[in-house]
Amino acid sequence: MAHHFDAKNAPFDRLTAEEVDAVREALDIVYFRPNETIFGRGKAPDSLFIVIKGLVEERDGDDLVALRGPGDAFDSRALVQGGGSNAFIAREETLCNLLPRDVTLKLINQNPRFASFFYLDIARKLGAATREEEAARFAPLLAARVRDLFLHPAVFMDAKDTIADAGARMKAANCHALLVREGAETGIVTRTDLLNAAVLDRRSIESPIGSLARRPIISVAPDDLVSTALLRMTKHNKQRVAVTENSEFVGLLEDIDLLSFLAGNSQLVAGRIDRSSSVAELARAARTIDTQIRTLRRQGVRVDIVCEIVSDLNRHLHAKLFSLVAPKSIRESGCLIVMGSEGRGEQTFRTDQDNGLILAASVPPADLETFRTDMFDALEQCGFPPCPGEVMVRNPVWSKTLADFRDDFSRWLALSNETGAMNIAIFYDAMATAGEADLLRTAKQTLIDLMHGERVYLARFARAIDAFPTPIGFFNNLVTSKAEGDALDLKKGGIFPIVHGVRALALENGLHETGTAARIARLGELGAFEHQFARELTEALHYLMTLRLDAQIAEAAPTSLVKPGELSTMERDLLRDAFHVVKRLREMLRRHFNLAMF
Amino acid sequence: MLLALKRRLHRHLLRDPLYAFLFEPPPPGEAVSVDCETTGLSTRKDDIVAVAAIRIRGNRILTSERFEATVKPRAKLNAEAIKVHRLREQDVASGRSIDEVLLELLRFIGSRPLVGFYLEFDVAMLNKHMRRLLGIELPNQQIEVSGIYYRRKYGDAPPGTQVDLRFISIMTDLGLPLLDQHDAYSDALMTAMMYLKLRDLEARDIRIARQRAKPVS
């Protein structure tokens, strides 16, 4: 017989026939009109609700957490724990079965399979965040492939080469082991082997290395899991394994690189960058920067520290590339700058090239031409894609003499258009990475002096803070975009207004700091912000950046969208707070720059 | 006025003072949905074979406090009726006497308003025995769900509109879940659902959309 209660739905399918009868005996039916509150937030319901027909919204404050349709039961957590819950509201005309709390608890006590459904549900809700974080910390690392690791190049020598040759070669190639060919056989010789032969065995450094080579070589394939490589090293007690593909040696994997991949060791990456002697080598080191970000974040390192470490590594990288690529004339008279988020030190995952060159004086045109293309190519090789707006050294607009830049500033100011304002914003965030840092300082001072007292221009400049609305609704709800899958844009709604608003104030006050947090702190000291507000603003910025970074790690893509529905209650509350701070900043800037006049 | 007079008369006529509670004011916000299955459709010749009643309190249908009984009918089961409610002679043979069931039902419904679909028929069936046993008819207020439905849907309809008040049509139109029909309990339950939904539509003054009549070509 058809019944208003369908025992085929989970978890009731786990009940015995008698238990189903007991449920049916105990059920009542309840009707709700659209928008009727079934039970409010924090209320302990006296029954389990099982939807017969209709749709129910689970809401946390104003945020929609989930939708419950026919067959769905709620709210097991509130029922079992007796505590408060989210609010449940009928979206449309809804009929529910009501199973009294005592009957539900009795079934949970007597039927473990039934109980497990409820406890799983509760554990999922309560522990999802922590467990996933644990799993996320290690699982993807061990599931990574050997090709994702930093590999030392496979350097070959002949068995007849001497210990002295091998030592020199190791130093030049910056490696700890060499592959030694002897006929069809290949063995391996390490730095320690050379040392032992020369020092302990008192062999002549002119003796051939053939007899030192050890065989067989333990190897892994580039497609092998990192965990496989780790196991093989442990099993054979080796500090390194060879990486072979189709019986070709493609590189050597050192245990320290494997461990730094797992544990994170940005020191190692910095050292590797500084020791690199070719663009190809730098590119290999650069690839591991993104891994560092993931590792650091999983270890719970704060986002501002992650940014600092990453910026530092990227500056090392730029400086090294500059020294490798730039002709002497440019090395001596130029200053390589990075701009935008990279200049502010607020970049995590690599976006595009945002760089320029300031020259003290003209250099031979051929030198400049070569440098423009070479630097661009080298950066691209290191994983920096081209900037769509052409803000890079390749573009003559961004690589020229200080005098030319100065002329530009005046022009940007006079033109008073969007492009000019954008260029000023980009340049004002510049940071010197190599060469003569004073050139940038002088250039910036010129810009600051030009802007001094330009109230109208500054106001126009600041107006961009209103380009996107704050995603906070009238009822304090987080406003999501349906087109973006119920997500909201952290960058447009929060990060950009803070960064740009602070930039406008910094420019007005003639600050030389580039980081937004440093600018806020300085503005606080100058009295442009109240201390309390300065602190809140920095916290809001860091919180939004943390959410964005975590979203980027989760999505493995440069996204700035988050879905509030996927955040915990606490995260949503913090997000709302952060957006409120943004709102206050906007109001303050509107008053300050008198933006109402536009 | 007439109803109040009738109630007073009935109260006066009531033979057994034990049933005076039928005239007490009903508990606020409560009602009872009732359905009878019968041997046929003649109130004179046919008789009740099953009764179900479910209390409604506020927006809750108290299915956990339902009343259900199978009656051993005095009239012979009509072959057509058996096809409808699927209760055969042998099924109702184990049933109880209508007198016992009716008095128990009265205690269950008390003075609450009765809710039903084509309630007039059910009440007439019950009244036959009421008069015999207690000398009165059911004094309860009667709420006809098809009446509310008619007002919500056809209240402002132009003359000549095709009216469909079939049970199944109303259930479908209201988007309510269909249970097995012609089982007294299911019918009473579906009637209770109809009642809650219609009452809500009435409270919010929402009309039920009519299918536009086919344009004359």
Side-chain angles (χ1 to χ4, degrees), chain A residues 1-9 12 19-40 43 45-56 68-72 88-107, chain B residues 29-33 37 50 52 54-68 85-87 91 115 145 148 152 168 171-206 208-209:
Chain A
M1 184 215 292
H3 194 276
H4 57 92
F5 169 71
D6 188 355
K8 287 196 292 291
N9 277 329
F12 301 97
E19 285 168 339
V20 169
D21 284 344
V23 166
R24 288 192 166 149
E25 284 306 312
L27 286 174
D28 280 345
I29 294 172
V30 64
Y31 171 85
F32 297 101
R33 60 171 59 171
N35 297 321
E36 187 171 351
T37 302
I38 297 173
F39 54 91
K43 293 283 185 326
D46 58 359
S47 309
L48 184 72
F49 290 72
I50 306 137
V51 180
I52 302 173
K53 196 120 191 187
L55 210 53
V56 174
R68 311 300 178 111
D72 291 343
F88 288 83
I89 294 149
R91 177 177 272 196
E92 51 189 53
E93 288 142 358
T94 298
L95 279 169
C96 292
N97 273 309
L98 290 182
L99 186 61
R101 179 164 191 264
D102 54 342
V103 178
T104 314
L105 294 182
K106 195 175 156 214
L107 289 170
Chain B
E30 293 199 16
V32 175
S33 166
E37 299 298 319
I54 305 170
R55 281 188 190 152
I56 300 164
R57 185 178 299 144
N59 63 347
R60 285 195 183 196
I61 304 169
L62 307 177
T63 43
S64 58
E65 294 176 22
R66 61 185 175 267
F67 176 90
E68 270 186 291
H85 51 59
R86 280 177 284 170
L87 287 170
D91 297 319
V115 173
V145 286
I148 314 178
R152 285 290 105 200
I168 194 109
M171 282 301 281
T172 317
D173 198 13
L174 292 177
L176 294 168
L178 286 171
L179 312 175
D180 259 10
Q181 228 190 320
H182 302 305
D183 145 32
Y185 168 68
S186 296
D187 282 357
L189 175 56
M190 286 189 282
T191 307
M193 292 179 184
M194 278 184 196
Y195 171 62
L196 285 184
K197 177 136 189 189
L198 286 165
R199 197 183 58 173
D200 170 43
L201 294 181
E202 200 162 45
R204 292 189 285 137
D205 198 22
I206 291 176
I208 302 163

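As the structure is a computational prediction, the values presented were derived from the model and not from experiment. Just so we're on the same page: letters track the sequence lines, and every chain starts at 1.
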- At a heavy-atom separation under 4.5 Å, does B:Ile54 approach chain A through its side chain, its backbone, both, or neither?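 Neither part; nothing is under 4.5 Å.
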
- Message: Can you tell me which portion of B:Leu176 sits under 4.5 Å from chain A's heavy atoms? Options are side chain, backbone, both or neither.
- Response: both

- Message: Donor-acceptor pair, distance only, cut-off 3.5 Å: does the side chain of B:Ser33 make one with the backbone of B:Ala188?
- Response: yes

- Within the side chain of B:Lys197, is there an N or O that forms a donor-acceptor pair under 3.5 Å with the backbone of B:Leu174?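 Checking the backbone N and O of B:Leu174 against the side chain of B:Lys197, a donor-acceptor pair under 3.5 Å is found.
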
- Task: Could you tell me whether B:Arg66 and A:Glu25 have a side-chain N and a carboxylate O separated by less than 4.0 Å?
- Result: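 A salt bridge is present here (some side-chain N lies under 4.0 Å from a carboxylate O).
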
- Query: Which heavy atom of A:Glu93 sits nearest a heavy atom of A:Tyr31, and at what distance?
  - Reply: CG-OH, 3.3 Å

- Output the option from A:Pro70, A:Pro34, A:Gly54, A:Pro100 having the highest count of non-hydrogen pairs under 4.5 Å with chain B.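 It is A:Pro34.
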
